[in-house]
Amino acid sequence: MTRDTQFPCDPAGVCMRCKSTPPPEESLTCGTCVTPWHVSCLSSPPKTLESTLQWLCPDCSGETDALPVSGVAAGYGSVGSDLVVAIHEIEADDSLSAEEKAKKRQQLLSGKAVVHEDDEEEKKRKSKGKKTVDEDVLSHFHCSFCMQLLQKPVSTPCGHNACLKCFLKWMGQGNRSCGTCRSVVPESMISNPHINLSIVSAIRLARLSKRVDASTSKVVHVISNEDRPDKAFRTDRAKKLGNANASSGKIFVTIPRDHFGPITAEYDPVRNQGVLVGESWKGRLTARQWGVHFPLVSGIAGQTSYGAQSVVLAGGYEDDEDHGEWFLYTGSGGRDLSTRNLRTNVQGFDQVFLKFNAALRLSCQLGYPVRVVRSSKDIHSAYAPEGELLRYDGVYRIEKCWIKVGVQGSYKVCRFLFIRCDNEPAPWTSDEHGDRPRPLPNVPELNMATNLFERKESPSWDFDEGEGRWRWMKPPPASRKAVNNVKDPEERKFLRKAMTSARSNTMRARLLKEFKCQICQQVMTNPVTTPCAHNFCKACLVSKFAGKTLMRERSRGGRTLRAQKNVMKCPCCPTDIAEFIQNPQVNREVAEVIEKLKKQEEEDNAEPVDEGECSGTSHEEETLPVSGDAEQPKKRIKLDIDAAVSATVVESDMK
DNA sequence: GCGAGCGTTAGT
DNA sequence: ACTAACGCTCGC
C-alpha cells in the first residue's frame with residue numbers, strides 16, 4: 001500500500017520527501033504560505049506559467065485532505081477498495097441527510113470510523129491516561145488565537161505560535177504585538193511572516209502516524225511481520241536437532257493470508273510487479289514469503305467455510321495426475337500419521353469433504369481462482385520444475401470434485417479437477433498469451449466416482465470475451481483474515497508491546513529529527529524561532545553572534561562617527577536577525593514537545609526487553625540476515641534464439 | 001537414500 | 001487447546 005504523502009522543503013531547503021536539495025528552478029513557493037516545495041515531488045505540479053505564478057501548495061489548496069485510495073482488489077476493475085465501497089454505502093444510504101453523509105465520510109477518511117477493536121484499544125489507552133507520541137505532539141501545537149491545531153504555523157520572536165491566518169487577522173486589526181504576551185512583533189514579520197516548517201513536519205508526521213495506526217492495526221500480521229528477518233532462518237541449535245522450521249521470514253507482499261487469485265503489483269511494495277507466473281523459490285518458507293502459498297507443510301491453503309486460495313503439487317499423493325493445463329488433485333487427510341513422517345506415510349483411512357477438502361470444494365462451487373504451485377519433488381509430473389524448487393504456475397479453477405478409491409487400494413480419496421485460467425502463459429509453453437476457456441478433459445475415473453460435485457452457479461473468476469482476459473466477474477471475497485496470527489497469548493502480548501514500542505520509537509526518532517538545531521545538528525535545547533522561521537538552540541544562536549553588538553561604533557581619524565547597525569545574518573538564510581538576537585525567546589511549545597519525546601526515549605531505553613519471552617524466535621540466531629539480503633524469487637527466463645545466445649545467465653532451473 | 005525427529009503454522 | 005499438514009535437516 002502506498003501513501004501519497006506530500007511534504008514541503010525544510011528550513012534548510014531540503015525536500016522532506018526525496019531528501020534532496022532542489023535547485024531554484026525546481027523549487028516552487030506557495031503564493032499563500034510562502035513555503036517552498038520541490039516541484040518533482042508534487043503529485044500534481046502546475047502545468048502552465050500562469051498557474052505556476054499563482055500556485056497554491058497542497059496544504060493551502062486543501063489537496064492533502066483527500067486520502068489516497070489504495071488496495072484495489074486484484075483484477076477487479078477499479079472497484080474493490082474497502083474505502084470506496086464504504087463511501088458508496090454511505091452515499092447510497094437514503095436515511096442520512098447530506099450533512100450526516102458528509103460527516104460520516106469525513107470520519108471514514110480521517111480513520112475515526114475504523115475498527116471496533118481499535119476503538120477498544122483507544123478506550124483502554126485513554127482510561128489508563130496514556131497518550132501516544134502523535135497525540136502528544138498534536139495536543140501541544142495549538143494556535144494561541146483559535147485554540148485549534150496549528151494551521152500553517154508562524155512563530156513570533158517571543159516564542160509563541162499561531163496559525164498564519166489568525167496571525168494575519170490579528171495584525172490586520174491594527175495590532176502590532178503578540179496576541180499571547182503583547183511583546184512587539186517586528187514589522188518584517190508582520191509584512192512577511194514565514195511558516196515554521198519544523199512544526200509543520202512534526203504535525204504532519206504525527207498525523208501520518210495516526211492514520212497509519214488506524215489503517216493498519218487491523219492487519220496485525222503485516223505489522224508483526226516487521227519484526228521478522230528478511231530471510232527465513234534456522235538457529236544452529238535447531239539445525240543440530242533437525243528442527244527444520246525455526247522461523248519463517250518476513251512476508252514481502254501485502255496480501256492477507258486468505259487472498260484469492262493472482263498477486264498483482266499493488267500488493268508488491270518491494271518490487272512493484274506482483275508475483276509472476278514462472279517465479280520460483282527454494283523452499284516452502286520462501287514461497288510463503290512471497291505470498292503464493294502460506295502453509296509450511298500443508299498442500300492446501302484454505303478454510304472450510306470460505307474457500308481454498310492455493311495448492312501445492314509435490315507428489316505427496318500418488319493419485320495426482322498432472323497434465324499441465326489441467327490436473328487431478330488429491331485431497332488431504334486420510335493418512336496414518338503415527339510416525340509423524342509425512343512423506344513416507346500411507347493412507348490409513350478414507351478422505352472426506354471436510355476441512356481443506358471442503359475448502360477446495362467451496363472454491364469449486366464459487367468458481368474462485370486457485371493459485372497453483374508445482375514442486376520439483378513431484379517426480380511423476382512432466383510439468384514439475386527442475387532443481388530443488390517450487391514454482392508459481394498461475395491460477396486454476398476447480399471444475400468438478402468427487403470421491404474415488406485411491407490407488408493404494410482400500411481407502412477413498414477426494415478428487416479435484418483443476419483447469420488453468422490465467423492471463424499469463426504457463427511456464428512450459430511458448431504461447432504469447434494466457435489461457436482461453438477450454439473444454440473439460442475426458443476423465444475416465446469419473447465413471448467410478450461417487451459424491452460428484454459440479455459448479456452450478458456462474459463462476460466468480462471467468463473469461464471476459466470482450467476484454468479477452470480472465471477477471472473477477474463477481475467481487476472477490478473480502479478478506480476475513482484480520483487479526484494476529486500469533487496464537488500464544490504471551491507471544492502475542494510481547495509482539496504487541498514490541499510493535500508499539502518499535503513504532504513509537506521510530507516515530508519519536510523522526511519527530512526528534514524534525515527538531516534539529518541547524519547549527520549543532522542536535523535536537524534543540526531551548527529552541528528559538530527566528531522571524532525567518534528557522535529554529536536553533538538558543539545557546540547555539542547566541543554564541544554564533546557572541547561579542548557582536550547591535551550597534552557598531554565607527555571612528556575615522558580620531559573622530560567618532562554615528563554608530564552603524566551591525567548586520568547579523570541568520571545561519572540559514574540572508575535575513576538580518578540582529579534585532580531578534582538581542583532577546584530571543586524560547587518557543588515553549590516546541591520545547592515541551594522535545595522534552596516529552598526525549599523523556600519517553602529515556603524511559604524506553606531504561607526498560608530492558610525481556611528476551612526470555614521470545615525465545616526460539618529471532619533472538620537465538622547470532623547471524624541474522626540483514627535487510628537487503630532478501631532472497632528474491634527467480635524468474636524463469638523464456639528461451640528464444642536471442643536469449644539463448646546470451647544465455648550465460650540462464651537460471652539454474654533451466655539446465 | 002531413507003526415515004527419525006523435530007519444527008511452525010493455522011484451522012477447528 | 002488440540003492437532004493435522006504434499007517440510008526440513010541430519011545421522012545412519
Side-chain angles (χ1 to χ4, degrees), chain A residues 220-221 224-225 228 232-249 251 256-258 281-289 292-322 327-349 351-352 354-360 362 372-381 384 388-391 406 413-414 416 418 480-492 614-618 620-621:
Chain A
V220 179
H221 80 273
S224 63
N225 192 31
R228 291 178 179 276
F233 70 93
R234 269 156 225 101
T235 62
D236 284 340
R237 186 185 68 90
K239 271 184 188 169
K240 258 187 194 147
L241 292 169
N243 302 350
N245 308 321
S247 172
S248 66
I251 310 296
R257 285 200 316 276
D258 56 0
W281 304 272
K282 254 192 351 213
R284 291 284 287 261
L285 289 127
T286 34
R288 171 188 163 86
Q289 290 187 279
V292 282
H293 188 78
F294 279 92
L296 291 176
V297 179
S298 174
I300 304 164
Q303 304 78 36
T304 304
S305 53
Y306 191 60
Q309 293 83 27
S310 54
V311 295
V312 173
L313 284 139
Y317 287 82
E318 294 174 56
D319 291 274
D320 287 1
E321 201 181 291
D322 194 355
F327 60 87
L328 296 176
Y329 196 71
T330 312
S332 72
R335 288 179 144 172
D336 177 15
L337 298 174
S338 53
T339 66
R340 307 276 307 126
N341 188 335
L342 305 180
R343 296 205 67 81
T344 54
N345 257 309
V346 289
Q347 292 298 118
F349 43 97
Q351 285 187 358
V352 278
L354 287 175
K355 299 182 181 176
F356 293 130
N357 299 341
L360 283 173
L362 193 56
V372 169
V373 175
R374 280 187 174 81
S375 163
S376 50
K377 282 182 185 158
D378 191 350
I379 49 167
H380 299 295
S381 165
E388 289 176 19
L389 292 173
L390 286 145
R391 183 190 62 207
V413 289
C414 297
F416 302 88
F418 280 69
R480 304 185 315 172
K481 284 287 156 285
V483 200
N484 204 335
N485 57 2
V486 180
K487 292 295 183 217
D488 175 43
E490 279 304 307
E491 181 76 0
R492 237 167 123 148
C614 68
S615 63
T617 59
S618 56
E620 264 184 68
E621 181 80 290

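Residue numbering restarts at 1 for every chain, and letters A, B, ... go by the order of the sequence lines. Because the structure is a prediction, the values reported are computed rather than measured.
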Between [X] ([atom1]) and [N] ([atom2]), how many Å, whole number?
X	N	atom1	atom2	value
A/L313	C/dA5	CG	C1'	16 Å
A/L390	C/dC8	CG	P	7 Å
A/Q309	B/dT9	CD	C1'	14 Å
A/Q303	C/dA4	CD	C1'	15 Å
A/I379	B/dG1	CD1	P	11 Å
A/L360	C/dC6	CG	P	11 Å
A/D378	C/dC6	CG	P	13 Å
A/Y329	C/dA5	OH	P	11 Å

Inset, instruction - Using only heavy-atom distances, determine whether the side chains of A/D319 and A/T330 contain a donor-acceptor pair under 3.5 Å. - result: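 Absent: no donor and acceptor within the cut-off.
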Legend entry - Residues that A/Y306 engages under ring pair (Phe, Tyr, Trp, His ring centres under 6.0 Å), provided they are two or more places apart: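 Only A/F260 meet the ring pair (Phe, Tyr, Trp, His ring centres under 6.0 Å) criterion with A/Y306.
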Inset, instruction - Give the minimum heavy-atom separation between A/Q303 and A/A359, together with the two atoms involved. - result: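 Here A/Q303 and A/A359 meet closest at O-CB, 3.3 Å.
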Legend entry - Shortest non-hydrogen contact from A/A384 toward A/S375: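 Scanning both residues completely, I find the closest heavy atoms to be CB-O, 3.5 Å.
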Which of these nucleotides, [options], is closest to any side-chain atom of [X]?
X	options	result
A/R257	B/dG11, B/dT8, C/dC6	B/dG11
A/K355	B/dA10, C/dC6, C/dA4	C/dA4
A/K377	B/dA10, C/dG7, C/dA5	C/dG7
A/L285	B/dT9, C/dC8, C/dG7	C/dC8

Inset, instruction - For A/Y306, report the nucleic acid contact type (base, sugar-phosphate, nothing); a contact means any heavy atom under 4.0 Å. - result: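 No contact.
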Inset, instruction - Report which part of the nucleic acid A/T330 touches: base, sugar-phosphate, or nothing (heavy-atom distance under 4.0 Å, all strands). - result: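 Since a base atom lies under 4.0 Å of A/T330, the category is base.
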Legend entry - Whether A/F327 and A/F418 hold their rings parallel, tilted or perpendicular, with breakpoints at 30° and 60°: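 Rings of A/F327 and A/F418: parallel, as their planes differ by under 30°.
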Inset, instruction - May I ask you to test the A/D322-A/R374 pair for a side-chain heavy-atom distance under 4.5 Å? - result: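 Side chain of A/D322 against side chain of A/R374, heavy atoms only: contact under 4.5 Å found.
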Inset, instruction - Would you indicate whether the side-chain heavy atoms of A/L313 and A/Y329 approach each other to under 4.5 Å? - result: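 They are in contact (side-chain heavy atoms under 4.5 Å apart), so the answer is yes.
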Legend entry - Dot-bracket notation for DNA chain B, counting Watson-Crick and G-U pairs under 3.5 Å, with | for partners on another strand: ||||||.|||||
Inset, instruction - Examine C/dA5: is either OP1 or OP2 under 4.0 Å from a nitrogen or oxygen in the side chain of A/S332? Give yes or no. - result: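 Yes, such a contact exists.
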Legend entry - Any A/R335 side-chain nitrogen or oxygen under 4.0 Å from OP1 or OP2 of C/dC6: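 Checking C/dC6 against A/R335, a side-chain N or O does come within under 4.0 Å of OP1 or OP2.
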